[in-house]
Amino acid sequence: MPRFHRPAASACAALVAIAALAAAGLPGTASARTPDAAGPPGPAAVADASPALLTAMGRDLGLTRAQARDRLVNEAEAGATAGRLRLALGDAYAGAWVRGAESARLTVATTDPADIPAIEAHGARAAVVTHTLAALEGASTAVDRAASRTAARTAAVDAPVRYVDVRTNTLVVQAVRPAAAHDLVAAAGIDRALVRVETSADRPRPLYDIRGGDAYYMNGSGRCSVGFAVTKGTQQGFATAGHCGRPGTTTSGYNQVAQGSFQASTFPGRDTAWVATNTNWTSTPYVKGQGAANVQVAGSTQSPVGASVCRSGSTTGWHCGVIQQHNTSVTYPEGTISGVTRTTVCAEPGDSGGSYISGSQAQGVTSGGSGNCSSGGTTFYQPINPLLQAYALTLKTTTGPGPGEPGEPGGTWAAGTVYAAGAQVTYGGVTYRCLQAHQAQPGWQPPNVPALWQQV
């Protein structure tokens, strides 16, 4: 599986075997309206979208500037609507996705036909399917467990990509050899009716390679890209891909000046890491955009399947595409990673660890993929919210100073906390349930952000 870490020319022979792979390639209807001011997640937040980001969306998605802005508005609204319906439908919920050049059509799937009126009342199209999202994700987890066992390792390497495709209501297993996919499914002991096997020649690998998208170098042994600037208390640093380095690995910046060191790293299993920088480096709430322009990072609200997403990396710069599936599993030569998101964005060696952003909302850091930015490709990113939560980090944003703003007396909501969809908090004596995964920002108290919180 291609990874996008750019190894140094002086790497030892053992590393070159892996690095050679890295060098070879990469791994309902919302009503659009003109965004107003920058602010919490929702249509207003897309006002932060920079001209460079809109230009890249136009180039890679075939959109006019107006269409790109309308698409971001619609996707913000669709994410909130899908979150509300997920809570309302409960166990029958089977996923949601957007379609159309401007993402104007939201579809919500359910296993219960009785849910159709409720879905349509929210302006979405209803799709009645056979399997719940919970059942498909449970099957995916079982396949991941099987892939981690020695007996199924060969099959997993030849069936490297697995994901829940909510649009077809199946667990897809992509395989170089279809027989390997069937062996892996059999080893997992899951219902074969849940699975669709696809033949693919792709063998993704991690993308080896303080502003998102800028280059950094590891102990002189390779190059990766900064994901997003973060803080941990008063310590500044950045999030990146775990396969780029191990705890203690030292780094230098894009200018080859001493920068910092890896504090924590997970790979395989997940592809997460963070680097603490020295006092010469300052975290900024930006990602490097087209022509080195700064793109603002205002938060980390997760975008839905079908939404547009753009990537910044130190090799290929800005490229955009769409989110294909969340909760994807990929088996690289070094092992399996789970919980990544699959996209149509291209990448190349050196882009690893770099930023994925939708509008002004951080999505994740580049992990791996296949193809390149000449012929096109598929990439996977590690979602940013689980990374922030795992290492108790705070995303550097334009919306405020970070954690430390508590909820009302007796409330449990707090800025800096990562909330998953379905999580409950209290604020001002009222209970709220989270609609979309995000890290809470100052000013995003539940009553202020109906796109993120619903009163229970």
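Side chains are part of it too, since the values below use all heavy atoms of this structure and drop only hydrogens, waters and symmetry mates.
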| Taking the side chain from Asp271 and the backbone from His243, do they hold a donor-acceptor pair closer than 3.5 Å? | yes
| Residues Thr81 and His122: side-chain donor-acceptor under 3.5 angstrom | no
| Measuring from Cys346:SG to Asn372:CG, what's the distance to the nearest 0.5 Å? | 7.5 Å
| field | Donor-acceptor pair between Asp351 and Ser225 side chains, under 3.5 angstrom | value | no
| Of the non-hydrogen atoms in Gly95 and Leu133, which two are nearest, and what is the gap between them? | N-CB, 4.2 Å
| For Arg167, which residues count as a salt bridge (charged side-chain N to carboxylate O under 4.0 Å, His left out) partner, sequence neighbours excluded? | Asp165
| query | For the atom pair OG1 (Thr55) and CG (Leu63), what is the distance rounded to the nearest 0.5 Å? | reply | 11.5 Å
| said: Looking at Val230, is its backbone amide N or carbonyl O close enough to the side chain of Ser283 to form a donor-acceptor pair, meaning the two atoms are under 3.5 Å apart? | reply: yes
| query | Given side chains that start at C-beta, do those of Thr394 and Lys232 come closer than 4.5 Å, heavy atoms only? | reply | no
| request: Could you check whether the rings of His438 and Tyr419 sit parallel, tilted or perpendicular, using 30° and 60° as the cut-offs? | output: tilted
| field | Donor on one side chain, acceptor on other, Glu348 and Thr316, under 3.5 Å | value | no
| message | Taking side chain to side chain contact (heavy atoms under 4.5 Å, CB included) as the criterion, tell me which of Val161, Thr336, Leu184 meets it with Thr331. | response | Thr336
| note | Heavy atoms of Arg71 and Ser103 approach each other most closely as NE-OG, 3.1 Å
| Main-chain N/O of Trp413 paired with Thr417 side-chain donor or acceptor, under 3.5 Å | no
| field | Distance-only polar pair, side chains of Thr301 and Gln361, donor-acceptor under 3.5 Å | value | yes
| request: Answer yes or no: is there a side-chain heavy-atom contact under 4.5 Å between Lys396 and Phe228? | output: no
| query | Do Ser300 and Gln302 have side-chain N/O donor and acceptor atoms under 3.5 Å apart? | reply | no
| message | Please report the interatomic distance CD(Gln236) to OG1(Thr284), rounded to the nearest 0.5 Å. | response | 9.5 Å
| Which residues share a salt bridge (charged side-chain N to carboxylate O under 4.0 Å, His left out) with Asp144, sequence neighbours left out | Arg162
| query | Are Tyr381 and Val340 close enough that some pair of their side-chain heavy atoms sits under 4.5 Å apart? | reply | no
| task | Using the test salt bridge (charged side-chain N to carboxylate O under 4.0 Å, His left out), find all partners of Arg342 that sit at least two apart in sequence or belong to another chain. | result | none
| message | Closer than 3.5 angstrom, by distance alone: can the side chain of Asn278 be matched with the main-chain N or O of Gln259 as a donor-acceptor pair? | response | yes
| said: Could you walk me through whether Phe238 and Tyr216 satisfy the ring pair (Phe, Tyr, Trp, His ring centres under 6.0 Å) test, starting with their C-alpha distance in whole Å, then the side-chain angles of each, then the deciding distance to 0.1 Å, before giving a yes or no? | reply: CA-CA 11 Å; Phe238 59 87; Tyr216 70 92; 4.9 Å; yes
| said: Tell me whether Ser261 contacts the main-chain N or O of Thr250 through its side chain, where contact means a donor paired with an acceptor under 3.5 Å. | reply: no
| query | What closest approach, in Å, do Ala241 and Ala273 show between heavy atoms, and which atom pair accounts for it? | reply | O-CB, 3.6 Å
| said: Give me each pair satisfying salt bridge (charged side-chain N to carboxylate O under 4.0 Å, His left out) with a member in residues 290-309, each pair once, sequence neighbours excluded. | reply: none
| note | Minimal heavy-atom distance between Leu452 and Trp444, with the atoms involved, is CD1-CE3, 3.8 Å
| query | With no hydrogens and no angle check, is any side-chain donor or acceptor of Gln174 less than 3.5 Å from a backbone partner on Pro160? | reply | no
| field | Asp202 side chain vs Gly371 backbone, donor-acceptor pair below 3.5 Å | value | no
| field | Donor-acceptor under 3.5 Å (Asp70 side chain, Glu102 main chain) | value | no
| message | What I want to check is whether the side chains of Gln424 and Arg433 have a donor and an acceptor closer together than 3.5 Å. | response | yes
| task | Check salt bridge (charged side-chain N to carboxylate O under 4.0 Å, His left out) between Glu198 and all other residues, then give those that pass, not counting sequence neighbours. | result | Arg196
| query | Is the shortest heavy-atom distance from the side chain of Asn169 to the side chain of Leu136 under 4.5 Å? | reply | yes
| said: Which heavy atom of Ala181 sits nearest to which heavy atom of Val173, and what is that distance? | reply: CB-CG1, 3.6 Å
| query | Can you find a heavy atom in the side chain of Leu72 that is under 4.5 Å from one in the side chain of Leu53? | reply | yes
| remark: Residues passing the side chain to side chain contact (heavy atoms under 4.5 Å, CB included) test with Pro386, sequence neighbours excluded, are Gln382, Pro383
| Are the side chain of Thr277 and the backbone N or O of Gly260 linked by a donor-acceptor pair below 3.5 Å? | no
| task | Would you please say whether a donor-acceptor pair under 3.5 Å links the side chains of Tyr391 and Thr266? | result | yes
| request: Please determine, by modelled atom types, if Tyr356 and Thr379 share a side-chain donor-acceptor pair under 3.5 angstrom. | output: yes
| About how many Å separate CD1 of Ile384 and CD of Gln389, when rounded to the nearest 0.5 Å? | 12.0 Å
| query | Would you say the side chain of Thr398 lies within less than 4.5 Å of the side chain of Val297, judging by non-hydrogen atoms? | reply | no
| field | Atom of Tyr332, atom of Ser367 and distance for their closest heavy-atom approach | value | OH-OG, 2.8 Å
| message | If only side-chain N and O atoms count, and only distance matters, is there a donor-acceptor pair under 3.5 Å linking Arg211 with Ser312? | response | no
| query | Atom CD of Gln439 and atom CG of Leu395: how far apart are they, to the nearest 0.5 Å? | reply | 6.0 Å
| query | Checking side chain to side chain contact (heavy atoms under 4.5 Å, CB included) against Cys310, which of Met57, Gln290, His319 comes through? | reply | Met57
| query | Hey, does Val164 have a side-chain heavy atom less than 4.5 Å from the side chain of Asn327? | reply | no
| pair Phe380-Thr328: side-chain heavy atoms closer than 4.5 Å | yes
| Would Gln445 and Asn448 count as having a side-chain donor-acceptor pair, cut-off 3.5 Å? | yes
| message | For Ser308 and Glu75, which I'm curious about, is there any donor-acceptor pair between the side chains at under 3.5 Å? | response | yes
